[in-house]
Amino acid sequence: MAEEFDLVILGGGTGGYVAAIRAAQLGLKTAVVEKGKLGGTCLHKGCIPSKALLRSAEVYQTAVKSEEFGVVTGDVKVDFLKVQERKNKVVDQLYKGVQHLMKQGKITVYEGLGRILGPSIFSPMPGTISVEMNNGSENEMLIPQNVIIATGSRPRALPGLTIDGEFVLTSDEALKLESLPKSMIIVGGGVIGIEWASMLNDFGVEVTVLEYADRIIPTEDDDISSEMLRLLTKKGVKFVTGAKVLPETLKTDVSVYISAEVKGSVEEFTAEKMLVSVGRSANVEGIGLENTEIVKEKGFIETNDFFQTKESHIYAIGDCIGGLQLAHVASHEGITAVEHLAGQKPERLDYSLISKCVYSSPEAASVGLTEEQANKEGYDLKIGKFPFRAVGKALVFGEADGFVKIIADKKTDDILGVHMIGPHVTDMISEAGLAKVLDATPWEIGKTIHPHPSLSEAIGEAALAVDGRAIHS
């Protein structure tokens, strides 16, 4: 039996379900097709579960160091099964919340795999959706006016390196560990790799990170990368940069053995387990793209500024289109796509205004251009930096490492980029994000009276430092 909709969304992850809610707000009859669970990777295999584990690692370290604060706790241990139970409880609560939002918006949810059909008796254009239902019942046929593809992504593997789920893991398998390994090799020093390195190290695991580039978190400002390297090394994480992992050398028995080319020589590394964290691949197979004129580039779906594909009534958002593969990006791409197909004339999404976060310990966060990017674009720069060591609240917290860095255009005084590393900076970056949206200057941030004592004082002082006016330095 066929049912008509104004909009059908393939994928109920963060981008998909947010798009569905916005469509329902605009009065569109909307359906979501999801083969797994609503909330997608972010809720079940990414953002939320990993941050729950990071929080447990943080609490453990707080307990270990509690005597520094005059609190004697005795012997502190990690019960990793309880850590996992707490993680699952958080995920389950949020999952129920998403289900409630679907019911509240009168959004129809189909549990199954949706495929786009070509022109047929249902429609002269590609876009009819055939849903292969999870429960094995007859396929459902959905006839939408518009489609949004929000099928997300999956962990990418290195060619020739087999993920066996026991010794060699991706983040998907690592999130299901029932016990902590004694040691872990992490292949990839990007955001996900660094978060896992920080977490496992805080839990007491011996961690070695192998990164192909010449520095870790290479998409961040060089000063942030260097400080992260310094602080995690100080905590005991081992880093090898410029390391080309050789998949053909992989051996497993009771441990993992892998070799890598490092500075012209081959070195062997061993650990109890290995986590492969080298990016993510788009989920675009098996959804019927071959029945359309939709174009892919390097495995990702091509779209215009409003997320239309070559089929103007079919949109694509989130990880499956590449770019910034972040949950909050997917959400706003979804909102923009829905408003566009509904004739609302939304503004184009400005990716330079989007904040990025690393939820390690220390945390890192940024918005706008790095110093290297700004120099390449020809700006004449002025830069202000201010250390958390000079901020009273940071000393109170016992987390005085890190800094805030603000990059401005010397000619116009506009803020070009803000970069932070230190305590709770992922909660602080939105002030900088708002400053970018409002095209603010360092003077305007400096004129904002930041409460004392607060970690945010570092932002105000860094803004003043751009023009040499910082008070506490």
Side-chain angles (χ1 to χ4, degrees), residues 3-49 51 90-114 127 129 131 140 142-153 283 287 301 303 305-309 313-321 323-350 353-355 430 433:
E3 185 167 0
E4 296 184 358
F5 289 92
D6 296 316
L7 173 64
V8 170
I9 300 170
L10 296 185
T14 309
Y17 86 71
V18 169
I21 292 170
R22 183 64 185 126
Q25 290 174 343
L26 294 174
L28 302 181
K29 183 181 178 184
T30 303
V32 171
V33 181
E34 171 57 55
K35 69 175 181 178
K37 288 186 173 181
L38 289 170
T41 294
C42 177
L43 178 51
H44 300 283
K45 298 179 181 180
C47 321
I48 300 303
K51 276 53 181 182
V90 170
V91 170
D92 189 55
Q93 182 176 339
L94 290 169
Y95 175 50
K96 289 176 181 175
V98 176
Q99 290 176 308
H100 170 73
L101 290 171
M102 295 297 98
K103 291 178 182 177
Q104 181 176 275
K106 296 185 172 120
I107 298 160
T108 305
V109 177
Y110 290 88
E111 296 180 356
L113 174 63
I129 306 298
V131 184
E140 297 280 354
L142 315 181
I143 307 172
Q145 294 296 312
N146 293 279
V147 175
I148 294 179
I149 302 170
T151 47
S153 64
N283 293 326
I287 61 171
I301 297 173
T303 69
D305 289 344
F306 295 104
F307 310 108
Q308 287 173 294
T309 67
H313 61 296
I314 302 178
Y315 293 66
I317 63 166
D319 286 9
C320 69
I321 67 171
L324 287 176
Q325 292 180 307
L326 302 170
H328 49 289
V329 174
S331 296
H332 285 273
E333 288 174 345
I335 290 169
T336 301
V338 167
E339 291 180 350
H340 185 264
L341 66 86
Q344 296 286 304
K345 298 183 179 179
E347 292 186 4
R348 290 175 173 84
L349 200 58
D350 186 345
L353 305 179
I354 294 173
S355 300
S430 291

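This structure is a prediction, so every number in the text was calculated from the model and none was measured. In this chain, residues are counted from 1 in sequence order.
The local environment of CD in E4 is sparse, with at most 12 non-hydrogen atoms from other residues, nucleotides or ligands closer than 6.0 Å. With a 6.0 Å radius and a threshold of 12 heavy atoms from other residues, nucleotides or ligands, E111 has its CD atom at or below the threshold. Residue Q99 qualifies as enclosed at atom CD: its count of foreign heavy atoms under 6.0 Å is above 12.
A donor-acceptor pair is defined here as one N or O able to donate and one able to accept, closer than 3.5 Å; such a pair exists between the side chain of D6 and the backbone of K29. The closest donor-acceptor contact from the side chain of T151 to the backbone of N283 lies under 3.5 Å. The backbone N or O of L38 lies less than 3.5 Å from a partner atom in the side chain of H44, making a donor-acceptor pair. A donor-acceptor pair is defined here as one N or O able to donate and one able to accept, closer than 3.5 Å; such a pair exists between the side chain of H328 and the backbone of S355.
Nearest heavy atoms, A150 versus I9: CB-CG2, 4.2 Å. The nearest pair of heavy atoms linking M102 to V32 is SD-CG2, 4.5 Å. A pairwise comparison of heavy atoms in I317 and G334 identifies CD1-CA, 3.5 Å as the closest pair. Minimum heavy-atom separation, A23 to T30: CB-OG1, 3.4 Å. Residues A31 and Y110 approach most closely at CB-CE1, 3.9 Å, considering heavy atoms.
For the pair Y95/L43, a side-chain contact is recorded, criterion being any heavy-atom separation below 4.5 Å from C-beta on. Residues E333 and I321 have side chains in contact (heavy-atom distance under 4.5 Å, counting atoms from C-beta outward). Within the 4.5 Å cutoff, no side-chain heavy atoms of H340 are placed close to those of F307.
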>> Pair T108, F5 - check side-chain contact (heavy atoms from CB on, under 4.5 Å), show working.
In response: CA-CA 10 Å; T108 305; F5 289 92; 3.9 Å; yes

>> Before you tell me yes or no, could you show the steps for R22 and E339 under side-chain contact (heavy atoms from CB on, under 4.5 Å), namely the whole-Å CA-CA distance, both residues' side-chain angles and the distance that decides it to 0.1 Å?
In response: CA-CA 8 Å; R22 183 64 185 126; E339 291 180 350; 2.9 Å; yes

>> Please evaluate residues F306 and R348 with respect to the criterion side-chain contact (heavy atoms from CB on, under 4.5 Å), reporting the C-alpha separation (whole Å), side-chain torsions for both, the decisive distance (0.1 Å), and the verdict.
In response: CA-CA 7 Å; F306 295 104; R348 290 175 173 84; 3.6 Å; yes

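Across L26, I314, V147, I148, a single residue satisfies side chain to side chain contact (heavy atoms under 4.5 Å, CB included) together with L341, and that is I148.
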